[in-house]
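Encoded as structure tokens, the structure appears first; notes follow it.
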Amino acid sequence: MKLKTPIVIAIDGTSASGKSTNAKLVAKALGFVYVDTGAMYRTLAWYCLQKKVNVDDEKAVAAVCKKWKTSLECVNHQVHLLVDGRYPDREIRTAETSAAVSHVAAVPKVREWMKKKQRECIQFGNLVMEGRDIGTNVFPETDFKFYLDALLTERSKRREAEGVQENLAARDQRDSQRAAAPLMVALGAKVINNSGMTSAETSKIIIEEVHKRLAECR
Ligand code: DC
């Protein structure tokens, strides 16, 4: 195995499977830059809602991607997608945005746009990128792929503990059954079912596997 640099650690998985927490822990431990690609899809969903664009109208949503004014910035080892010069940090986490996001994420032209932007993140250095299609579609060439999952009951409890009421089963179904880059386990990915595990335990498994694969490259 030959090491490709910058290194990309791809962490995919179901909603509330601990991707964000673990991706941040792994990025911190290794000194890599963290990229939350779900936030990028959420930003588009929020922007469509703001502009009264129907998120079920594929053409209208694709047209937004052509027009909106965006840029990438890296602050404190985290990449953000800015729209009109700002990162709508709070707005993208509302229940309304969460309900809209998997609709915009199913649009093939949106996924093309996102893939290009997400690949541009490599300009910031070694990455830990979390999402649904990073290992299968955005960086299929990486040797560092992980897939996180946990029991639905446990994932629902985690969301509730965050104060978020959400139909995770419906979102998982839309994410796994869409035609364009559906959520699935990438070839060569290490699958971790972290039901009953702490994030310290999950991130330790990921970090150890990264070190093992790095050693194989040397
Ligand atoms: O991880 P999250 O809950 O913030 O993701 C929001 C939505 O975006 C989720 O329903 C699936 C979609 N998404 C995607 O399709 N592909 C990605 N790489 C990241 C997120």
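We count ligands from 1, going down the list as the structure has it; atoms in each ligand are counted the same way.
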Distances only, to 0.1 Å: what are the N or O pairs between ligand 1 and the protein that fall under 3.5 Å?
{"residue": "ligand 1", "atom": "1 (O)", "partner": "R132", "partner atom": "NH1", "Å": "2.9"}
{"residue": "ligand 1", "atom": "1 (O)", "partner": "R132", "partner atom": "NH2", "Å": "3.4"}
{"residue": "ligand 1", "atom": "3 (O)", "partner": "R42", "partner atom": "NH2", "Å": "3.2"}
{"residue": "ligand 1", "atom": "3 (O)", "partner": "R132", "partner atom": "NH2", "Å": "3.4"}
{"residue": "ligand 1", "atom": "3 (O)", "partner": "R171", "partner atom": "NH1", "Å": "3.0"}
{"residue": "ligand 1", "atom": "3 (O)", "partner": "R171", "partner atom": "NH2", "Å": "3.3"}
{"residue": "ligand 1", "atom": "4 (O)", "partner": "R42", "partner atom": "NE", "Å": "2.7"}
{"residue": "ligand 1", "atom": "10 (O)", "partner": "R171", "partner atom": "NH1", "Å": "2.8"}
{"residue": "ligand 1", "atom": "10 (O)", "partner": "D175", "partner atom": "OD1", "Å": "3.3"}
{"residue": "ligand 1", "atom": "10 (O)", "partner": "D175", "partner atom": "OD2", "Å": "3.1"}
{"residue": "ligand 1", "atom": "15 (O)", "partner": "R111", "partner atom": "NH1", "Å": "2.8"}
{"residue": "ligand 1", "atom": "15 (O)", "partner": "R111", "partner atom": "NH2", "Å": "3.3"}
{"residue": "ligand 1", "atom": "15 (O)", "partner": "R178", "partner atom": "NH1", "Å": "2.9"}
{"residue": "ligand 1", "atom": "15 (O)", "partner": "R178", "partner atom": "NH2", "Å": "3.0"}
{"residue": "ligand 1", "atom": "16 (N)", "partner": "R111", "partner atom": "NH2", "Å": "2.9"}
{"residue": "ligand 1", "atom": "18 (N)", "partner": "T37", "partner atom": "OG1", "Å": "3.0"}
{"residue": "ligand 1", "atom": "18 (N)", "partner": "R132", "partner atom": "N", "Å": "3.1"}
{"residue": "ligand 1", "atom": "18 (N)", "partner": "D133", "partner atom": "OD1", "Å": "2.9"}

- Item | Non-neighbouring partners of H80 that pass ring-ring contact (aromatic ring centres under 6.0 Å, His included), sequence neighbours left out | Y87

- Note on the structure: Residues passing the ring-ring contact (aromatic ring centres under 6.0 Å, His included) test with F124, sequence neighbours excluded, are none

- Between K19, R42, R93, which is the residue that forms a salt bridge (charged side-chain N to carboxylate O under 4.0 Å, His left out) with D36? R93

- Message: Taking atom CD as the centre, does E73 end up with more than 12 heavy-atom neighbours from other residues, nucleotides or ligands that are less than 6.0 angstrom away?
- Response: yes

- When you look at CG of N76, are more than 12 heavy atoms from neighbouring residues, nucleotides or ligands closer to it than 6.0 Å? no

In residues 197-209, what donor-acceptor pairs under 3.5 Å come from side-chain atoms, sequence neighbours left out?
{"residue": "T198", "atom": "OG1", "partner": "E201", "partner atom": "N", "Å": "3.1"}
{"residue": "T198", "atom": "OG1", "partner": "E201", "partner atom": "OE1", "Å": "3.4"}
{"residue": "E201", "atom": "OE1", "partner": "T198", "partner atom": "N", "Å": "2.9"}
{"residue": "T202", "atom": "OG1", "partner": "T198", "partner atom": "O", "Å": "3.1"}
{"residue": "S203", "atom": "OG", "partner": "S199", "partner atom": "O", "Å": "2.9"}
{"residue": "S203", "atom": "OG", "partner": "A200", "partner atom": "O", "Å": "3.3"}
{"residue": "K204", "atom": "NZ", "partner": "E208", "partner atom": "OE2", "Å": "3.3"}
{"residue": "E209", "atom": "OE2", "partner": "R213", "partner atom": "NE", "Å": "2.8"}
{"residue": "E209", "atom": "OE2", "partner": "R213", "partner atom": "NH2", "Å": "3.2"}

